[in-house]
Amino acid sequence: MSDSLSSAPFAVRVVYLARLHDALGVAGETLTLCETDAPTVDTIVATLGRRGGAWADELAPGRAVRFAVNQRIAGRAQTLKDGDEVAIFPPVTGG
Amino acid sequence: MSDSLSSAPFAVRVVYLARLHDALGVAGETLTLCETDAPTVDTIVATLGRRGGAWADELAPGRAVRFAVNQRIAGRAQTLKDGDEVAIFPPVTGG
Amino acid sequence: MTVRVQTDDFDAGRELTRLRREDLGVGAVASFIGTVRDVNDASTITGMTLEHYPGMTEAALDDIVDEARRRFDIRDALIVHRVGPLAPGDQIVLVAVTSAHRGAAFAACEFIMDYLKTRAPFWKKERLTDGERWVEARASDEDAARRW
Amino acid sequence: MTVRVQTDDFDAGRELTRLRREDLGVGAVASFIGTVRDVNDASTITGMTLEHYPGMTEAALDDIVDEARRRFDIRDALIVHRVGPLAPGDQIVLVAVTSAHRGAAFAACEFIMDYLKTRAPFWKKERLTDGERWVEARASDEDAARRW
């Protein structure tokens, strides 16, 4: 990763909830992204999916997965900035 | 009134409720009807209306009035028999 | 299935608990409480009296609950309706319905209220600061009942 | 307007009384209680755990109540939702809405439940006699939320 001004790396907190927490075996982690990638929620999904195993299974296209950025429901196209919290979770089942 | 077999008189209890009770000044009365008239709820309404005054006002065509025969909602065409209880009341406003 | 007409107030929480007690197939409890407002048609209401037709009231409410059971997949239903003098803020009526899933409970509860408003023999007489008046039936209640 | 997320049980009767207290403009109180059933998708349920996303939950519920206030002529609204371990028969959620007339209270209460079911970050994990499973979201809940 470059540390030049135009591609400064930045950190995003990723949180896994409910079935994803169980299946992935972690509650969350910090990912470093590059500004030049204009990273979105989808960038994170693609990055995690390349890990294979449960990551590829849970985040495969067609799996029902939902997202929140900074505790607000978000779509896959939402762009991310330094310090954002991205939550990944299955469709909700409360009530 | 004749007391021959084919036109035996019979008694119907009439009950006035809510606004009608107040306006007519009575809670109820017993009316004697003639079998030969094949009396219906409408027969009673016409009979009472001919008394004039509050009776004619409250039972005038176009006034919203509802009926029950033997404690079941009934229409004006319902035929009556000896011992029936006919209730006359304004549209209900409970709940 | 329970229908009660009473002058006494009711404890809505206790009624709801009793209605679903022991039935572990219940996943949804929809309920409605009607209360006396202190204003109606731009007049200040100091109280009201609920009159009914004693011989008919319980049977009419039973019929409404029976019809709700025929139309909706519900487990149990309750109507408690008060009669006599009431003050602003007082509870008038409680309707509660239990079911496995929420759609049936909501629909049956609203159905029972709409039918009760147009078919159960209750009449309200309001006390105003300068007298009394019988409440007039609302066309909107007839419309609501016709939806079903 | 109140939203609470808690592990403790709630007293529905007391919550309803508190919600309408002092407001004599209230004529209608519609409410819904969701409870844990002992069976789901043909399996016996011995209990469940409700997980949530703590940082987001209250804000999501606040948004739903705000949206209900924009859409319906209501006076107040309440959501209480439990998290943590629950047993069959336990209360999960209470939604209550007050309004002058019943139509708005019924509609807002059902709207809040439909939105809560599809937008509030809660997840149920059921305990079966032979293990645990995460409850799958239902297409019927998505359909219900899309009606509004």
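In what follows, chains are A, B, ... by sequence order, proteins preceding strands, each numbered from 1.
Using a 4.5 Å cut-off on side-chain heavy atoms (C-beta onward), C:Trp134 and B:Pro90 make no contact.
Here C:Met56 contributes atom CE and B:Phe89 contributes atom CZ; the two are 5.0 Å apart, rounded to the nearest 0.5 Å. Distance check, rounded to the nearest 0.5 Å: CG of B:Asp22 to CH2 of C:Trp123 gives 12.0 Å. Note that the CD atom of C:Glu51 and the NE2 atom of B:His21 stand 7.0 Å from one another [nearest 0.5 Å].
The most heavy-atom pairs under 4.5 Å with chain B, out of C:His81, C:Arg133, C:Glu142, C:Lys117, come from C:Lys117.
The minimum heavy-atom distance linking B:Thr93 with C:Val135 is given by the pair CG2-O, 3.4 Å. Between B:Val92 and C:Ala137 the shortest heavy-atom distance is O-CB, 4.0 Å.
With a 4.5 angstrom heavy-atom cutoff, C:Asp63 touches chain B only via side-chain atoms. Using a 4.5 Å cut-off between heavy atoms, C:Ala120 contacts chain B through its backbone alone, with no side-chain atom that close. Within the 4.5 angstrom heavy-atom criterion, no atom of C:Arg82 approaches chain B.
Inspection of non-hydrogen atoms places no residue of residues 39-56 of chain B under 4.5 Å from chain C. Proximity to chain C among residues 63-71 of chain B is limited to B:Arg66, B:Ala68, B:Gln71, judged by heavy-atom separations below 4.5 angstrom.
Counting non-hydrogen atoms of neighbouring residues, nucleotides and ligands closer than 6.0 angstrom, the CD atom of C:Gln6 exceeds 12 such neighbours. Around the CZ atom of B:Arg13, the shell of radius 6.0 Å holds more than 12 heavy atoms that belong to other residues, nucleotides or ligands.
Here the side chain of C:Lys124 pairs a donor or acceptor atom with the backbone of B:Gly95 at under 3.5 angstrom.
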